[in-house]
Every structure is written in structure tokens, then in C-alpha cells.
**Student:** 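Below are the C-alpha cells for one structure; questions will follow.
Remember, it's 1-based here, ligands and their atoms both numbered in the order they're listed. These numbers come from the heavy atoms of this one structure, side chains and all, not from hydrogens, waters or symmetry mates. If you're wondering where the values come from, they're calculated on a predicted model, not measured in any experiment.
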Amino acid sequence: MSGLISTTFRGLLKSGVLAKNQSFFYSNALKAYTNILVDKKGENGCVGFIQLNRPKALNSLCDALINDVNDALDNFEKDNEVGCVVITGNEKAFAAGADIKEMQNKTYVDCISGNFLNSWTKITQNKKPIIAAVNGFALGGGCELAMMCDIIYAGDNAQFGQPEILLGTIPGAGGTQRLPRMVGKSLAMEMVLTGNRINAQSALQAGLVSKVASKETIVDEAIKTAEKISKNSKLIVAIAKEAVNTAYETTLAEGNHFEKKLFHGTFATKDRKEGMTAFVEKRPANFKDE
Ligand code: HXC
């Protein structure tokens, strides 16, 4: 569907029906969702943009919202114009966790028979890089959603926490596994066992996020980075993302072996040849994603 939209868009541009600056076309053509807003930003709509949109519930992550996110990510993955995706919330909350009201009366049997939370994993399987731009609360499932992304940027008002312990449960979407890998055991243990939150500066210091900027500019910063990533070969970016993520799943020796195979594999692509030839010829590379 999005491929078709892109082709149509290009056709209209060529025929002069649309001027190049009429980027609203992208917004109008994108699917509408109940719990998220979806757009395309950046030059030629190269950045897929998802805004969590349940402001009254501080963007708490009900099942329907996660399904919307998965569907939007699927569409961006198939969209040849999109090279990177940004997920954000609003200035008060990225997401204040899984929806407690939805979980309140669930039983153990409901969890098992309904594969509760299994659909969240899909977010980590997308081939395109995803940047979380976090303002305000990123708590529980909100913090876990951010950690499922590839890069996290934080607005100066961001607060990260895993407060599940205060609700008589534990993180269930990777919080006990990803957080210690990202911030180390002591801080992760403290956050998970006390429910204490950390602010943006502490998150930066601990390595949970790679940039802090004002809450007004952080989304633009994320879009700028996404645009820069999108200028590279999408094929090679996907390989690089897979290589880095493998570091979290395997031993150093196995990871290095896997990396070497992928590195050798890039020599089977036209983009690797183009990148090196462009360097030698002192011109910008013209990647074709092949
Ligand atoms: C459902 C939520 C919610 C949540 C907030 N709301 N967080 N609804 N699930 N996780 C709702 C409130 O009920 C309220 O709606 C509205 O959002 C505004 O929240 P307030 O509490 O009035 O706002 P404030 O006083 O500013 O406090 C903000 C807050 C607090 C500190 C973030 O809302 C809070 O502690 N929320 C819960 C955070 C949490 O425990 N998260 C982990 C969830 S468990 P109404 O209509 O009632 O006024 C989890 C498990 C993960 O994530 C497992 C794997 C995914």
C-alpha cells in the first residue's frame, strides 16, 4: 500500500501536478489509527514518525495501541522511502507504562491463554532503525518500549523508571533484561527493586540514552538523526542494525564471527562498491539500496 502511494506520489511530482514542497500529501495518504498519529517527516518523507496518542491516560500502552504501533512499523518497514523511524509521545509522557486499568482484573490463565505481551516483541524485529524521543514519563512498559528501540534521546524533563514492584508485579517486556545490559546491574537492580525513577541527565550518564536536549527540541533532534541515517544505504543500515543488536544476544566470540560474515556479505552489494568508489572519486555516494 505505502509502496503504491510512493509510486503515485513520484508520478504526480513528475507530471507537475504536485510541487516538491507539497509534503502534506504524505500525511494525507497515511493510514489513520485510533491510538497513534502517523506521519512522514524529513527530506522526501524519509523518516517514519509515530506519536503515541492517548494523552488523557499519559499514553499508557493498551493492547490496541501496541497493535497500532506494530501495524505502522510494518508499513514503514515496507515503505522504500523510509530509512528510519522516530517514536515519541507528548511533552508530559512518552508512556506511563502498560495500561494498568486493562491489566487490573487479568488472571494468570488470561495471561497464558492470551499470550499477554507477546505482540510487543515484534517491535524489536523491524529491520529499520527506530529512535525513541522521550519527553516526560517513560515508566514500566514505557521505559521498556524505549529500550526496544535502537537509539534513545531524552528531553530534559524525561523520567525513566520501572515501578512495577509498587504494583505487586515485575517488568514483563524486557525491563529486567535490557535495563541491566544498558545501565549496569547496580542501577538496574535499584530501579527495579525500589521503583525509583532516574532523570534525563542520570540516564545519559548511565548510558540509557545517547542525547539530552530541551523538551522542545528533542523530537527535531531525533528526526535530524533519522534523516542522516536515511541517507545511507537502507540495505547496509539493516545489516549494521542486526550486527549491533546481536551483541546483546550472544557471546563476544560468536558475535565477532557473525559480524565478520555480515561484513564479508556487504561485499556482495552494489552499495558497498558505490560507497568506496565514491570515496576514491571524491564525490558523495549515490546508494541504491542494492
Ligand atoms: C493506566 C494510567 C497509567 C497507566 C497514568 N494513567 N498511568 N492509566 N495505566 N500506566 C492515568 C491515570 O489513571 C489518570 O487517569 C491519568 O492517566 C493521569 O494520571 P495521574 O496519575 O492523574 O497523573 P500524575 O498525577 O501527573 O501522575 C503521573 C504518574 C502516575 C506518576 C505517571 O500516573 C503513575 O504513577 N502512573 C502509573 C505508572 C506505573 O506504575 N507504570 C507501570 C505500569 S505497569 P484518570 O482517568 O484515572 O484520572 C507496567 C507493566 C509492564 O508497565 C509490563 C510489560 C509491558
**Student:** Nearest heavy atom to atom 39 (C) of ligand 1 wins, so pick from Ala96, Cys62, Gly140, Gly97.
**Tutor:** Ala96
**Student:** Looking only at atom types and distance, does a side-chain atom of Glu290 sit under 3.5 Å from a main-chain N or O of Lys270, one as donor and one as acceptor?
**Tutor:** no
**Student:** By number and element, which atoms of ligand 1 are closer than 4.0 Å to a non-hydrogen atom of Ala98?
**Tutor:** 4 (C), 9 (N), 10 (N), 43 (C), 49 (C), 50 (C), 51 (C), 52 (O), 55 (C)
**Student:** Please tell me if atom 9 (N) of ligand 1 is touched by the protein, where touching means a protein heavy-atom distance below 4.0 Å.
**Tutor:** yes
**Student:** Need the ligand 1 atom indices (1-based, order shown) with element for anything under 4.0 Å from a heavy-atom of Ser60.
**Tutor:** 1 (C), 3 (C), 4 (C), 8 (N), 9 (N), 10 (N)
**Student:** List ligand 1 atoms under 4.0 Å from Glu144, heavy atoms only on the residue side.
**Tutor:** 51 (C), 53 (C), 54 (C), 55 (C)
**Student:** Considering only heavy atoms of Arg197, which atoms of ligand 1 have at least one such atom less than 4.0 Å away?
**Tutor:** 31 (C)
**Student:** Note the single closest protein heavy atom to atom 21 (O) of ligand 1, along with its residue, its atom name and the distance in Å.
**Tutor:** Leu58 CD1, 5.0 Å
**Student:** Have a look at Tyr153 and tell me which of Thr88, Thr217, Thr225, Asn135 forms a side-chain hydrogen bond (donor to acceptor under 3.5 Å, both in side chains) with it.
**Tutor:** Thr225
**Student:** Of all the atoms in ligand 1, which lie at a distance below 4.0 Å from a heavy atom belonging to Gly172?
**Tutor:** 53 (C), 54 (C)
**Student:** Can you list the ligand 1 atoms lying under 4.0 Å from a non-hydrogen atom of Leu167?
**Tutor:** 40 (O), 43 (C), 44 (S)
**Student:** Record the part of Thr169 in heavy-atom contact with ligand 1 below 4.0 Å; permitted values are side chain, backbone, both and neither.
**Tutor:** neither
**Student:** In this structure, are over 12 heavy atoms from other groups packed under 6.0 Å from Lys106 atom NZ?
**Tutor:** yes
**Student:** Enumerate the atoms of ligand 1 whose separation from the nearest heavy atom of Lys92 is less than 4.0 angstrom.
**Tutor:** 26 (O)
**Student:** Under 4.0 Å from atom 19 (O) of ligand 1, do we find at least one protein heavy atom?
**Tutor:** yes
**Student:** Determine, counting only non-hydrogen atoms of the protein, whether one lies under 4.0 angstrom from atom 52 (O) of ligand 1.
**Tutor:** yes
**Student:** On a heavy-atom basis, which atom in Ala285 and which in Ala278 lie closest, and how many Å separate them?
**Tutor:** CA-CB, 3.5 Å
**Student:** I'd like to check Val237 versus Ile229 (side-chain heavy atoms, cut-off strictly below 4.5 Å). Are they in contact?
**Tutor:** yes
**Student:** Can you check whether Lys234's main-chain N or O pairs, donor with acceptor, with Asp289's side chain at less than 3.5 Å?
**Tutor:** yes
**Student:** Please check if atom CD in Glu216 has more than 12 non-hydrogen atoms from other residues, nucleotides or ligands closer than 6.0 Å.
**Tutor:** yes
**Student:** At what distance, to the nearest 0.5 angstrom, does CD of Glu77 lie from NZ of Lys127?
**Tutor:** 5.5 Å
**Student:** Any nitrogen or oxygen of Pro163, side chain or backbone, less than 3.5 Å from one on ligand 1?
**Tutor:** no
**Student:** Output the list of atoms in ligand 1 that are nearer than 4.0 Å to some heavy atom of Gly141, sorted by atom number.
**Tutor:** 49 (C), 51 (C), 52 (O), 55 (C)
**Student:** I'd like to check atom 35 (O) of ligand 1 in this structure: does the protein have a heavy atom lying under 4.0 Å from it?
**Tutor:** no
**Student:** Relative to ligand 1, is Ala173 under 4.0 angstrom through side chain, backbone, both or neither, heavy atoms considered?
**Tutor:** both
**Student:** Any sub-3.5 Å donor-acceptor pair from Ser230's side-chain atoms to Val47's backbone N or O?
**Tutor:** no
**Student:** Looking only at protein heavy atoms, which one is nearest to atom 6 (N) of ligand 1, and how far off is it?
**Tutor:** Ala57 O, 3.8 Å
**Student:** With a cutoff of 4.0 Å, is Met103 in contact with ligand 1, counting heavy atoms of the residue only?
**Tutor:** yes
**Student:** My understanding is that we take every heavy atom of each candidate and find the minimum distance to atom 32 (C) of ligand 1. Doing that for Leu139, Asp99, Ile66, which one comes out nearest?
**Tutor:** Leu139
**Student:** Strictly by modelled atom types, are Asp68 and Asn35 linked by a side-chain donor-acceptor pair under 3.5 Å?
**Tutor:** yes
**Student:** How far is atom 37 (C) of ligand 1 from its nearest protein heavy atom, and which residue and atom name does that atom have?
**Tutor:** Ile100 CD1, 3.8 Å
**Student:** Do Lys231 and Phe287 meet the cation-pi criteria used here (NZ or CZ under 6.0 Å from the six-membered ring centre, within 45° of the axis)?
**Tutor:** no
**Student:** Do the side chains of Phe76 and Ile130 join up, straight or via other hydrophobic residues, at under 4.5 Å, putting them in one cluster?
**Tutor:** yes
**Student:** Of the protein's non-hydrogen atoms, which lies at the shortest distance from atom 55 (C) of ligand 1, and what is that distance?
**Tutor:** Trp120 CH2, 3.4 Å
**Student:** Tell me whether Val85 is reachable from Tyr33 by hopping between hydrophobic residues (I, L, V, M, F, W, Y) whose side-chain heavy atoms are closer than 4.5 Å.
**Tutor:** yes
**Student:** Which heavy atom of Gly172 sits nearest a heavy atom of Leu117, and at what distance?
**Tutor:** O-CD1, 3.4 Å
**Student:** Using heavy-atom distances, let me know which of Gln159, Lys101, Lys56 sits nearest atom 13 (O) of ligand 1.
**Tutor:** Lys101
